[in-house]
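Worksheet for the structure shown next.
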Amino acid sequence: MPKLFLYNSYTRQKEEFIPITPGYAGLYVCGPTVSGESHLGHARPYITFDVVKRYLRHLGYKVRYVRNITDAGHFEEEGREAIDKVNEKAKLEKLEPMEMVQKYTNLFHHGMKLFNCEDPSIEPTATGHIIEQINMIETIIAKGYAYEVNGSVYFDITRYAELYPYGKLSGRVLEDQLETTRELDGQEEKRNKADFALWKSAPPEHIMRWKSPWGEGFPGWHIECSAMSSKYLGDVFDIHGGGMDLQFPHHESEIAQSTIAHGHAPVNYWMHNNMITINGKKMGKSYNNVIKLSELFSGNHPILEQAYHPMVVRFYILTTHYRSTLDFSNEALQAAERAARRLWEAYELVKKLSHPGNETPADANLDAQVNTWCRECEDFMSDDFNTAKVIANLFFLAPVINGIKGGQVAPGALSAATLELVKDTFKTYLEDIMGMQPMQASQNNKLDSVLSVLIDIRKDAKKRKDFATSDQIRNKLAEAGVLLKDEKDGSVSYTVE
RNA sequence: GGUCGGAUGGCCGAGUGGCUAGGCUCAGCUCUGCAAAAGCUGCUACAGCGGUUCGAAUCCGCUUUCGACCUCCA
């Protein structure tokens, strides 16, 4: 198996990936909170880790990919006035909490499908794992690192920090945390401001509630990921992924809880994707600049100049390294749209390209260069998933492919084996690993036959040198969003906008 | 305020000491009835100042500036 290096946020350096069990890889990614519609920001981590998963599989690992759905818990943890988001919105929409959770879960799944993100192996919900969470909290209490107050349970950070490097992942110093002035619900009953809730006592009006050894309540946010990841991947697992904004407090707390509950750190490699920004500002509910996925795909948003195909968004995300911030703009996405289209068309083209059969390339230099470009893709991916460089190499190959079709490159310039390698490289990296798909709706047969009638009429007109007619057909079709292309060999192809 | 990370050509973005990243845009050319597409060519940048080095976008220092996290967040 080829070596894979990835950047471990915990140690802040690139490390070789050594799985716990040879041949197997366990991957946990924090999923969405389904109290609202999925937005552009969600696209980044799930596309990023979709590619991680696909690449691990490509390398030969059997991957178990667990991604949770947060449908309870930390909605309710917030300040006094923030109330329970699920309850609140449910009243407004006159929906049952679980009905709303279901609705947004479905929408999330729909978005993931459009992005061509593969389903996780297991998609556990927080509400489905209350028992596991309670068990874990009991263990932590028994070990003396959590305490109960008025039906709520808090994790004792101060005690934890005596023995363990609390704050290492997020680069934080506990003393600073203790001085924080934030006003959190239940702040006065905590021993220490930095302590976080494992279990919250539910006020009477709270709908989502479960029985526990400490009375009726609901789990804190962080405990769900710890309980579910250890259940499905083990007390120690390979890779934990998520957005950078989750490093603190979420992932830091996960580490603390699991370390106490299981006696050792839970994760070997932490991976964090960077944020998407809009006009230089992070997109988030608090900033009021959220673009929902449905708005992105329809173009129905003040910031958007047009609708963007899910594959354009996916491609755009992959042209940037996952640890860099990615600034959104119409200009950038429109550039990505052209680029993605060109690359995909080259792929479609190379699939159909036939080779004269010579085993010795007519152009040895080009042949060698092409081989290098193809083989480098694996090196780039294995160096912390550098999709940007892979895409650059595919763009080196595109002119060669187009050149063979267009006659600028001799058909036998490459050896038969090299042409096969090019085909395989596009299939493997563009389609299988980066998960790109065609952006055109599959053409339906009726449209096809209607167009072929028009194309034939136009061909006749051209033969008669009746260019007025042929241009009229082409122009009218263009107005209708169908672009005709006269190919070199006399055939006509078309694309639908 | 604390912690951390950026500042790359018209735009987006790779890149950690020497080798053209790439894409998009733009201009010219080839092909073409014309277009489109495609190919070729051109546009060659690393915030500023200083330092280390034979050599720096890349390392160090300072300055300016932007952002992230510190509160739910992907």
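All of these numbers come straight from a predicted model, not from anything done at the bench.
Where A/L484 and A/Q334 each meet RNA chain B at their nearest nucleotide, the meeting point lying more 5' is that of A/Q334. Closest-nucleotide positions on RNA chain B for A/C30 and A/G406 were compared, and the one nearer the 5' end corresponds to A/G406.
Using a 4.0 Å heavy-atom cutoff across all strands shown, A/G243 reaches sugar-phosphate atoms only and no base atom. Residue contacts shown for A/M283 include a base, since a base heavy atom lies under 4.0 Å away. Note on A/H39: a base of the nucleic acid sits closer than 4.0 angstrom, heavy atoms only. Using a 4.0 Å heavy-atom distance criterion, A/L483 is classed as making no nucleic acid contact. Using a 4.0 Å heavy-atom distance criterion, A/K282 is classed as a base contact. As judged by a 4.0 angstrom heavy-atom cut-off over every strand, A/I276 is placed among the base-contacting residues. Within 4.0 Å (heavy atoms only), A/K281 reaches sugar-phosphate atoms of the nucleic acid but no base atom.
Relative to the six-membered ring of A/Y154, A/R191 misses at least one condition, a distance below 6.0 Å or an angle of at most 45° to the axis. The side-chain tip of A/R67 points at the ring of A/Y46 from less than 6.0 angstrom away and within 45° of straight on.
Atom CG of A/L394 and atom P of B/rG13 are 20 Å apart (whole Å). If you take CD of A/E479 and P of B/rA36, they are 16 Å apart, rounded to a whole angstrom. Note: CZ (A/F248) to P (B/rC70) measures 8 Å, nearest angstrom. Across the protein-nucleic acid pair, A/E224 atom CD and B/rC72 atom C1' stand 13 Å apart, rounded to whole Å. At whole-Å resolution of the value, CE in A/M275 and P in B/rC69 are 7 Å apart. Taking atom CZ of A/F196 as the reference point, atom P of B/rC70 lies 15 Å away to the nearest angstrom. In this entry the distance linking CD of A/Q369 with C1' of B/rC19 reads 13 Å, nearest Å. For the pair A/H251 NE2 and B/rC70 C1', the computed distance is 16 Å after rounding to whole Å.
Residue pairs meeting the side chain to side chain donor-acceptor pair (under 3.5 Å) criterion with at least one member in residues 112-121 of chain A, sequence neighbours excluded, are A/K53-A/E118, A/R57-A/E118, A/N116-A/Q437.
Residue A/A339 has its side chain nearest to B/rG23 when only B/rG39, B/rA74, B/rG23 are considered. Out of B/rA38, B/rC34, B/rA74, the shortest distance to the side chain of A/T33 is found at B/rA74. Relative to the side chain of A/P45, the nucleotides B/rA14, B/rA74, B/rC24 differ in distance, and B/rA74 lies closest.
For an aromatic pair to be called close, the ring centres must be under 6.0 Å apart, and A/Y160 with A/F155 satisfies this. A centroid separation of 6.0 Å or more is found between the aromatic rings of A/F385 and A/F380. In this structure, A/Y269 has its ring center at least 6.0 angstrom away from the ring center of A/F5. Aromatic rings of A/H222 and A/H251 (six-membered ring for Trp) have centroids beyond the 6.0 Å cut-off, not under it.
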Got a list of side-chain donor-acceptor pairs under 3.5 Å for residues 393-414 of chain A, not counting sequence neighbours?
{"residue": "A/N393", "atom": "ND2", "partner": "A/W373", "partner atom": "O", "Å": "2.8"}
{"residue": "A/N393", "atom": "ND2", "partner": "A/E376", "partner atom": "OE1", "Å": "2.8"}
{"residue": "A/N402", "atom": "ND2", "partner": "A/A398", "partner atom": "O", "Å": "3.3"}

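The stretch residues 467-474 of chain A touches RNA chain B through A/F467, A/S470, A/D471, A/R474, each having a heavy atom under 4.0 angstrom from the strand. Contacts between residues 343-353 of chain A and RNA chain B, counted as heavy-atom distances below 4.0 Å, involve no residue at all.
At a cut-off of 3.5 Å, with distance as the only test, a side-chain donor of A/N68 or A/T70 sits close to an acceptor on the other residue. For the residue pair A/Y322 / A/N386, no side-chain donor-acceptor distance below 3.5 Å is found, with atom types taken as modelled. Between the side chains of A/E15 and A/T11, at least one donor N or O lies within less than 3.5 Å of an accepting N or O.
You won't find any donor-acceptor pair under 3.5 Å spanning the side chain of A/D245 and the base of B/rC70, going by distance alone.
Closest of all the heavy-atom pairs between A/N273 and A/R44 is ND2-CG, 3.3 Å. The two residues A/I317 and A/A43 make their nearest non-hydrogen contact at CD1-CB, 3.8 Å.
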What protein N or O atoms touch nucleotides 4-6 of chain B N or O atoms at under 3.5 angstrom, if any, and at what distances?
none

Report all interatomic pairs (protein N or O, nucleotide N or O of nucleotides 9-12 of chain B) with separations under 3.5 Å.
{"residue": "B/rC11", "atom": "O2'", "partner": "A/E331", "partner atom": "OE1", "Å": "3.3"}

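Side chains of A/Y65 and A/I122 form no contact here, defined as non-hydrogen atoms less than 4.5 Å apart.
Of the possible donor and acceptor atoms, none in the side chain of A/Q133 sits under 3.5 Å from a partner among the backbone N and O of A/T127.
Base pairing analysis places B/rC26 opposite B/rG42; the two distances defining the Watson-Crick or G-U wobble pair are each below 3.5 Å.
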